[in-house]
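Residue numbering restarts at 1 for every chain, and letters A, B, ... go by the order of the sequence lines.
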Amino acid sequence: MLVRELPDGMVGGRIVETEAYIIGDPASHAYRGMTPGNRSMFLDRGHAHVYFTYGSSWMMNVSSEKAGVGAGILIRAIEPTIGIAIMERNRAATEQTRWSGRLQDLARGPGRLCAAMQIDRRLDGIDLCKEGPLWLGSDGRAVGEIGQSKRIGISQAADSLLRFYVRGSRFVSGTRALNI
DNA sequence: TTGGCGATTGGCT
DNA sequence: GCCAATCGCCAAT
């Protein structure tokens, strides 16, 4: 689960899609070493790396190695379960990412997910494994079968099978062919 | 349902 | 300047 605590209430859901950006990965923001913009990717595992791209979208990684090593997991989609009405309002209020009105599109894709959950620069660097405005947890439900594919939208190391998704979930992004 | 394309901001070289 | 871990629109199937 990824959970966000907002003034209006809690929002979030089950993580159904991720991508790995591993050590020595040419597609990773951390590949060329630490800069002011990617330093949170070098925090100890379990911290947020929030960044802005394409002039329109915030996205979030979870740092995944020990302090000083740059690597992370991109959270690409959630199945909304908590505070759906609040997330719908957040998407509707975001001009850059217009919401189709369908629940399955509410947090389907890394930019949409951050828009729905109001994840932005202010959360960069926080510890996701303790109480706070954004944290990781579990609802205790069994995880479904996990599929594996190429990552989406990158040009470097494009063929590495580092994308992971819940097979059969309609809350997963990408084309049908990617989600077999 | 699928694939191609342009908008638009910030960080880095 | 350059370009990007996206999105939504449009046309074609």
Starting at atom NE2 of H49(A), determine the distance to atom P of dG11(B), rounded to an integer number of angstrom. 10 Å
Any N179(A) side-chain heavy atom under 4.5 Å of R163(A) side chain: yes
Which one, dT9(B), dT6(C), dT2(B), comes nearest to the side chain of F52(A)? dT9(B)
I want to check one thing: is the phosphate of dC7(C), taken as OP1 and OP2, less than 4.0 Å away from some side-chain N or O of S57(A)? no
Select base, sugar-phosphate, or nothing to describe what R176(A) touches, counting heavy atoms under 4.0 Å on all strands. sugar-phosphate
For the pair made of CZ in R102(A) and P in dC7(C), what is the distance, rounded to whole Å? 14 Å
Of the nucleotides dT2(B), dA5(C), dC7(C), which one has an atom closest to the side chain of T97(A)? dC7(C)
Is there a side-chain contact between L2(A) and L136(A), using heavy atoms and a 4.5 Å cut-off? yes
May Y21(A) be described as stacking on the base of dA5(C), applying a 5.5 Å centroid limit and a 30° limit on plane angle? yes
Whole angstroms only, please: what is the CG-C1' distance between L178(A) and dA5(C)? 14 Å
Among the nucleotides dG8(C), dG3(B), dC7(C), whichever has the atom closest to the side chain of P110(A) is dC7(C)
What does M41(A) touch in the nucleic acid at a heavy-atom separation under 4.0 angstrom: a base, only the sugar-phosphate, or nothing? base
As its Watson-Crick or G-U partner within any shown strand, both distances under 3.5 Å, dA7(B) has dT6(C)
Mind calculating the distance between CD1 (I152(A)) and P (dC7(C)) to the nearest angstrom? 9 Å
Can a side-chain donor-acceptor contact be found between R76(A) and S173(A) if the only test is distance below 3.5 angstrom? yes
By nearest heavy atom, map R108(A) and T53(A) onto DNA chain C; which one lands nearer the 5' end? T53(A)
When the nearest nucleotide of DNA chain B is assigned to T175(A) and to Y54(A) on a heavy-atom basis, which residue is associated with the more 5' position? T175(A)
Side-chain donor/acceptor contact of Y51(A) with base of dA5(C) under 3.5 Å: yes
Is any side-chain nitrogen or oxygen of R91(A) closer than 4.0 Å to OP1 or OP2 of dG8(C)? yes
From CD1 of I180(A) over to P of dT2(B), roughly how many Å is that when rounded to an integer? 11 Å
Considering Watson-Crick and G-U wobble pairs with both distances under 3.5 Å, what does dT13(C) pair with? none
Spacing between D105(A) atom CG and dG8(C) atom P, to the nearest angstrom: 8 Å
Got a donor-acceptor contact below 3.5 angstrom from the R91(A) side chain to the A115(A) backbone? no
Greater than 12 external heavy atoms within 6.0 Å of E131(A)'s CD: no
Measure from CE on M59(A) to P on dA5(C) and round the result to the nearest Å. 8 Å
Counting only heavy atoms not in R98(A) (residues, nucleotides, ligands), do more than 12 fall under 6.0 Å from its CZ? yes
Does a nitrogen or oxygen in the side chain of R121(A) sit under 4.0 Å from OP1 or OP2 of dG11(B)? yes
In whole Å, I'd like the distance from the CD1 atom of I119(A) to the P atom of dT6(C). 15 Å
Per P36(A) side chain, nearest of listed nucleotides dG8(C), dG3(B), dC12(B): dC12(B)
